[in-house]
Number of protein chains: 2
Amino acid sequence: MADAPRKATITDVARTAGVSLSTVSRVMNGNATVDPQLAERVRATAVDLGYSANPLARSLVLGRTQTVAVVVPDLANPTFQAILRGISRAAASSGYHVLIADSAEQVDEERLLAVETRRRTDGVILCAPRMEQDQLEALLPGLSPVVVVNRARQDAAPVVTADYRGALAELVEHLYSLGHRRLAFLAGVARSASNAARLTALAQARSALGDLEIVEVACGVDFDSGSAVADTVLATGATGILAFNDLVAMGLLSALADRGVRVPEDVSVVGFDDIPFARYTSPPLTTAAVPAAELGERAWRAMHALLTGTEPEAFAILAPHVAVRGSTSAAAS
Amino acid sequence: MADAPRKATITDVARTAGVSLSTVSRVMNGNATVDPQLAERVRATAVDLGYSANPLARSLVLGRTQTVAVVVPDLANPTFQAILRGISRAAASSGYHVLIADSAEQVDEERLLAVETRRRTDGVILCAPRMEQDQLEALLPGLSPVVVVNRARQDAAPVVTADYRGALAELVEHLYSLGHRRLAFLAGVARSASNAARLTALAQARSALGDLEIVEVACGVDFDSGSAVADTVLATGATGILAFNDLVAMGLLSALADRGVRVPEDVSVVGFDDIPFARYTSPPLTTAAVPAAELGERAWRAMHALLTGTEPEAFAILAPHVAVRGSTSAAAS
DNA sequence: CTGTTAGCGCGTTCAA
DNA sequence: TTGAACGCGCTAACAG
């Protein structure tokens with residue numbers, strides 16, 4: 001388990017090939033103004049010595065690292081995992097590396113991580129930063145080039161975000177078109193941005209559709225929360241139920257089954273996120289999802305534009321995908 | 001969205017404070033041999049100018065980057081996500097950064113990614129490398145310091161792995177202790193290492209427990225595979241069923257319910273992995289899991305030992321955790 | 001077309 | 001205790 005032997009340097013190659021450093025550098029960087037024979041000789045000794053340029057030294061002199069940093073609030077969260085994957089794959093295909101920083105939901109760590117990783121990279125992508133808007137505004141300029149994911153539009157950086165509002169709106173329309181006129185919404189954590197987006201969607205739906213009623217039921221974000229509110233939900237008399245997410249919907253489904261309430265014959269239920277198991281519940285869950293991996297891909301695209309001097313899209317909002325499955329059907333008449 | 005202004009360099013600080021570069025360097029690195037007053041003045045101007053040492057230049061001269069690379073076969077795989085998270089958190093708490101590389105299951109990319117990222121970092125952690133053993137052996141020495149996760153013991157690097165064999169063995173024992181004497185194993189992909197580990201466990205169980213029968217049923221790794229083999233499984237007459245993983249078990253559970261077969265009254269079913277929804281199936285699934293995040297943590301520990309010159313544990317094998325839930329009970333007598 | 005020189009920004013000898 | 005000089009390994013001006 002000894003250390004790897006010291007890598008050959010450009011000096012080694014130059015000396016062995018009997019040329020100057022610059023010549024080796026030119027050859028390695030494909031600079032055409034080198035005698036073909038000489039170039040070939042240099043290339044041969046480079047291969048011979050197993051030489052390749054030290055990326056650190058290169059970065060120092062070139063002022064670029066071919067690396068971007070990604071700061072996420074929680075690597076355990078599937079959404080950020082998917083975003084990270086999207087970024088990573090896209091960046092790799094552009095020849096870039098990815099440095100990852102997990103703030104573990106410590107809001108006060110975000111700034112530090114961003115600043116610190118930015119210094120080792122050519123740019124930073126902030127995923128759903130938890131900090132306040134004014135803090136974010138103060139931070140962004142010093143981070144440039146920087147891209148923000150899942151936040152409101154910013155002046156100092158391009159933003160790529162998913163349309164949580166639109167996603168819920170589509171689900172509401174789906175239920176409405178099936179004839180449901182009385183809906184219940186199982187709310188998640190009150191102060192979260194994504195819950196706010198959902199509430200906005202509901203408000204808009206109410207004012208757009210005069211004969212639609214939507215009652216809100218305080219709930220939560222997990223399986224148990226969903227199953228706990230079953231009786232409350234049934235008491236509302238709603239025929240269509242919008243769960244905060246798929247977990248909540250699954251909990252509700254389970255509790256409804258226990259009570260002998262049939263889905264979708266008696267009530268229709270929709271979830272949110274389209275987690276992998278949504279298609280395997282009984283009945284399979286109608287749900288909506290934001291394309292997280294594509295979010296990452298688009299974030300990279302914006303970053304790449306900044307890096308290459310092109311003008312990035314200032315604000316991209318990705319449309320959700322609604323998967324209609326067995327948990328929804330026409331309202332009983 | 002303009003670029004961030006050029007950061008202050010050590011030269012700027014030295015000039016502004018009216019001292020030499022070396023003095024600033026000493027102060028910044030806490031070298032005690034500096035006049036307290038002078039040090040304070042330097043520190044003040046450093047803060048004033050918002051100075052902090054350029055990590056790249058530092059890395060070049062110090063020969064270390066405070067960064068390690070992690071190469072994974074597939075960032076979409078929950079297991080590797082968890083391992084990555086474990087590494088990331090542990091490394092961060094030691095003041096290290098993590099560079100991530102996703103080979104996207106392209107075996108021929110693994111070597112390149114490892115070598116390339118290694119050059120930008122102080123070491124590399126190879127997660128479940130897909131390459132053949134002889135290729136791995138040839139690669140490891142040049143990567144040192146390097147740690148391998150989820151492979152057999154190696155000469156050239158410490159290995160941290162989960163005990164897949166032991167995990168299945170525990171499940172078998174669990175069923176055996178409940179009185180089951182005829183079991184069925186739903187096999188996954190034939191040539192995979194983790195499937196091989198499971199088969200080994202079965203073979204050992206068969207020879208250790210004389211009155212135990214285990215029949216193997218070719219299956220697959222997903223929900224549909226599990227539901228497709230339901231009839232075949234029932235035909236074996238087994239009372240205890242070991243699914244390759246939780247998805248398979250869930251598919252089977254679903255198909256058994258359709259056929260009116262009661263779980264666990266008629267047959268007991270166990271899964272593998274303990275995915276988040278295993279506890280929410282009906283009945284909740286008895287399953288075993290390898291502690292992926294801890295695997296990452298241990299991998300970091302080994303890497304950190306190599307980095308600090310301590311002797312790492314050459315081979316660590318982590319015990320699985322068996323979660324007994326409602327899908328298993330005493331065999332019908 | 002090739003070699004020499006000067007940095008990139010820093011840590012670290014070596015004298016003073 | 002401090003500063004001057006060197007080098008980490010490389011690229012890019014500038015000569016020749």
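By convention in this document, chain letters (A, B, ...) are assigned in the order of the sequence lines, proteins followed by strands, and residues within each chain are numbered from 1.
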### Message
Among dG7(C), dG11(C), dT1(D), which nucleotide has an atom closest to any side-chain atom of Asn29(B)?
### Response
dG11(C)
### Arg301(A) and Glu313(A), any side-chain heavy atoms less than 4.5 Å apart
no
#### Entry: Distance, rounded to the nearest Å, where Arg15(A) contributes CZ and dG3(C) contributes P
15 Å
### Heavy-atom side-chain proximity of Tyr51(A) to Asp12(A) below 4.5 angstrom
no
### Task
For the side chain of Leu60(B), starting at C-beta, report the closest nucleotide among dC8(D), dC1(C), dG11(C).
dC8(D)
### Interatomic distance, Asp12(A) CG vs dG9(D) P [rounded to whole Å]
9 Å
### Query
Please give, in whole Å, the distance from dG9(C) P to Leu49(B) CG?
14 Å
### Query
Are any of the side-chain heavy atoms of Gln66(B) and Arg58(B) separated by less than 4.5 Å?
no
### Query
To the nearest Å, how far apart are Met28(B) CE and dT12(C) P?
14 Å
#### Entry: Residue Ser20(B), side-chain heavy atoms: nucleotide from dT1(D), dG9(D), dG3(D) that is nearest
dG3(D)
## Note on the structure
Out of dG11(C), dT2(C), dT2(D), minimum distance to the side chain of Thr23(B) belongs to dT2(D)
#### Entry: Along DNA chain C (nearest heavy atom to each residue), the more 5'-positioned of Gly18(A) and Ser22(B)
Gly18(A)
### Task
Tell me whether the OP1 or OP2 atom of dT1(D) has a side-chain N or O from Arg26(B) closer than 4.0 Å.
no
### Message
Applying a 4.0 Å non-hydrogen cut-off, can you work out what Thr9(B) is touching in the nucleic acid: base, sugar-phosphate, or nothing?
### Response
sugar-phosphate
### Task
Please check the phosphate of dT11(D) (OP1 and OP2 only) for any side-chain N or O of Ser25(A) closer than 4.0 Å.
yes
### Task
Remember a base hit wins even if backbone is also touched, and classify Val34(A) as base, sugar-phosphate or nothing at under 4.0 Å, heavy atoms.
sugar-phosphate
### Task
For Arg58(A) and dC8(D), give me the distance from atom CZ to atom C1', rounded to whole Å.
16 Å
### Message
From the set dA12(D), dG9(C), dT12(C), return the single nucleotide nearest to any side-chain atom of Leu62(B).
### Response
dT12(C)
### Task
Please work out if Leu38(B) contacts a base, only the sugar-phosphate, or nothing of the nucleic acid, heavy-atom cut-off 4.0 Å.
sugar-phosphate
### Message
Distance check needed: dC6(D) P versus Leu21(B) CG, whole Å only.
### Response
14 Å
### Task
Look only at the side chain of Gln154(B) and the backbone of Ala152(B), and say whether a donor-acceptor pair between them is shorter than 3.5 Å.
yes
### Message
Given dG9(C), dG7(C), dG3(C), identify the nucleotide with an atom nearest to the side chain of Asn54(B).
### Response
dG9(C)
### Message
Let's go through Asp74(A) and Arg89(B) carefully: what are the C-alpha distance in whole Å and the side-chain angles of both, what is the deciding distance for salt bridge (Lys or Arg N to Asp or Glu O under 4.0 Å) to 0.1 Å, and is it a yes or a no?
### Response
CA-CA 10 Å; Asp74(A) 183 10; Arg89(B) 301 244 166 127; 2.9 Å; yes
### Query
Taking CG from Leu56(B) and C1' from dG9(D), how many angstroms apart are they, rounded to a whole number?
12 Å
#### Entry: Rounded distance (Å) that lies between atom P of dG3(D) and atom CG of Asp35(B)
11 Å
